[in-house]
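To keep things clear, I will list the structure first and then write my remarks on it.
Sequence lines set the chain letters: A, B, ... in the order given, protein chains first and strands last, and positions in each chain run from 1.
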Number of protein chains: 2
Amino acid sequence: MTEPRATILVVEDDPDIRRFVAAALRAEGHQVAESADARRGGIDAGTHKPDLAIVDLGLPDFDGLELIRRIRAWSTMPILVLSARSLERAKIDALDAGADDYVTKPFGVGELLARVRVALRHRARTAGGGSVVRMGAAEVDLARRVATREGRPVHLTPIEFRLLECLARHAGLVVTHRALLTEVWGPTHASDTHYLRIYLKQLRDKLEDDPVRPRHLLTETGVGYRLVPDE
Amino acid sequence: MTEPRATILVVEDDPDIRRFVAAALRAEGHQVAESADARRGGIDAGTHKPDLAIVDLGLPDFDGLELIRRIRAWSTMPILVLSARSLERAKIDALDAGADDYVTKPFGVGELLARVRVALRHRARTAGGGSVVRMGAAEVDLARRVATREGRPVHLTPIEFRLLECLARHAGLVVTHRALLTEVWGPTHASDTHYLRIYLKQLRDKLEDDPVRPRHLLTETGVGYRLVPDE
DNA sequence: GGCGCGCGTAAAGATCCCGTCAAGACTCGG
DNA sequence: CCGAGTCTTGACGGGATCTTTACGCGCGCC
């Protein structure tokens, strides 16, 4: 499996180690940005939007932990800590601050690269996920609690919206009858699949281009329903 | 932030270590399943569908690496390796086989729990994210309950899907008639092998490139069936 | 070769599930 | 108190799915 090229940010004050790590990453085909202190690291993380950040804990200006927290405030990019501190306390603090992995110096290049591969693997899967779902001419904004069709707002009753919300939150995958019913009507009506038929029709009438041949609000016979977004 | 409770599978032959780890996890509020060897581990991973698997590399029956590969054949659940082998080669192999983290014995409980928190954090974001089985032009995403062929979605009925799921969970291995039947139709139909022929044909028609000469859904005459994924 | 056995294939019947329509009950604001 | 909007309930026809039945083929064995 050839790993895709990625841009990686290395934040490390020791120039030898920094260049050494950067060279190893470049040899793997990645694009590398280097920062020598935490302040620059924070800025570069914002400008380059790397797929992965490798940060040292012992930085000259302010602590690596603080840098991790600052990045975590606005991003979920994978962060790999590279540190000389081998104390368990330090590891726990870094991981709980939001780091995804912790490698102690001295380290093996091979292991580092393997852990980089793991992080990028994760990144590939996590990517994506906004709060607005597009389905043909219709759009659903989960955060603002509104649905539109061809730009015009579509009125949805409370139950209709909660149902649509459940489906949209799990966009692309099947939501079982039971799950939908307990979520919208409560556990007492967990077997009244009849409601679903009625309201699914309502939603299709309001949102689908051709309600008879739905392309986004699909039924999985005997199991549940599935909302398929565009793209 | 209080971490959500999760179910965690611990595969470890040494009973002392296993109980020690399990106790620590339970103290954190997690639900823990324990397996003493790789074979049981593979089965328990399928039945319990844990949010995280912690596996030892030195297992009595077959290697932990093999277990990792088998789980990876059908699931992307986080896997944390716990091993006495501290050689870099072992770490690289495990991580490249699909493990998400590698902790060497002896280890600190605090660090282990911190790394567990990291893994669960990941899972929360990836939630339900694909456990994909590739077979030629076809792909099956077990978590999303979707099958595709040459990019186009393929519709599977409930029984077809459950059958495929059973096979995929033991990807590469033979699953006996009895096992499939009891899993899908219940113990009462444990000898109606006829159903299997019918539904296997359905699956082959929908998924195989050449249904007459199946390359991924193979029959083991007199025993059962076997799903062979790509790679 | 005849035979049984296990498997693949096909198609028809039975069953369950879903979409659809419509009318009654409820809620809430005016 | 009234009415519009909303939710519930019932009934029915068509479709999807599951089950059943039937037949052909290859293989090994007596």
* Please state whether the base of dT6(D) and the side chain of His155(A) form at least one donor-acceptor pair under 3.5 Å? => no
* Taking the side chain of Thr157(B) as heavy atoms from C-beta outward, which of dT19(D), dC18(D), dG6(C) is closest to it? -> dC18(D)
* To do: Ignoring hydrogens and angles, state whether a donor on the side chain of Asp209(A) or His216(A) is under 3.5 Å from an acceptor on the partner side chain.
  => no
* Asked: Which one, dT6(D), dT8(D), dA10(C), comes nearest to the side chain of Ile198(A)?
  -> dT8(D)
* Asked: When you check the side-chain N and O atoms of His30(B) and Asp51(B), is any donor under 3.5 Å from an acceptor?
  -> no
* When the distance from CD of Gln202(B) to P of dA10(C) is rounded to whole Å, what number comes out? -> 11 Å
* Counting any heavy atom closer than 4.0 Å, what does Leu200(B) reach on the DNA or RNA strands: base, sugar-phosphate only, or nothing? -> nothing
* To do: Consider the side chain of Thr219(B), meaning its heavy atoms from C-beta on, and name the nucleotide among dA16(D), dT20(C), dG8(C) that approaches it most closely.
  => dG8(C)
* Structure fact -> Atom CG of Leu203(B) and atom P of dC18(D) are separated, to the nearest Å, by 11 Å
* Structure fact -> From the candidates dG6(C), dT21(D), dG19(C), the one with an atom nearest any side-chain atom of Arg204(A) is dG19(C)
* Structure fact -> Tyr195(A) OH to dC7(D) P, in whole Å, measures 11 Å
* To do: Grab the CZ-P distance between Arg197(A) and dC21(C) for me, whole Å please.
  => 15 Å
* Is it true that Arg145(B) and Glu165(B) make a salt bridge, defined as a side-chain N closer than 4.0 Å to a carboxylate O? -> no
* To do: Find the distance Leu196(A):CG to dT20(C):P and express it as a whole number of Å.
  => 15 Å
* To do: Could you tell me the separation between the CZ atom of Phe161(B) and the C1' atom of dT17(D), rounded to a whole number of Å?
  => 17 Å
* To do: Ignoring the backbone of Thr221(B), work out which of dG8(C), dC7(C), dC7(D) is nearest its side chain.
  => dC7(C)
* Of the candidate nucleotides dG10(D), dC7(C), dA10(C), which contains the atom at the shortest distance from the side chain of Lys201(B)? -> dA10(C)
* Hey, is the side chain of His177(B) poking within less than 4.0 Å of OP1 or OP2 on dC7(C), counting only N and O atoms? -> yes
* Indicate whether the side chain of Asp100(B) and that of His122(A) have a donor and an acceptor atom separated by less than 3.5 Å. => yes
* **Pairwise side-chain contact, His177(A) with Tyr195(A), heavy-atom cut-off 4.5 Å (strictly under)** => no
* Structure fact -> Taking dT20(C), dC7(D), dC18(C) as options, the one with an atom nearest any side-chain atom of Ile159(A) is dC7(D)
* Taking only N and O in the side chain of Tyr199(B), is any of them less than 4.0 Å away from OP1 or OP2 of dC18(D)? -> yes
* **Distance test, side-chain N/O of Trp185(A) to OP1/OP2 of dC7(D), below 4.0 Å** => no
* Asked: Roughly how many Å is it from CZ in Arg226(A) to C1' in dC18(C), rounded to a whole number?
  -> 17 Å
* Pair Glu12(B) + Lys105(B), salt bridge at N-O below 4.0 Å -> yes
* Nearest to side-chain heavy atoms of His194(B), which nucleotide of dT21(D), dC18(D), dA16(D) -> dT21(D)
* **Integer-rounded Å distance: dT17(D) P and Arg162(B) CZ** => 14 Å
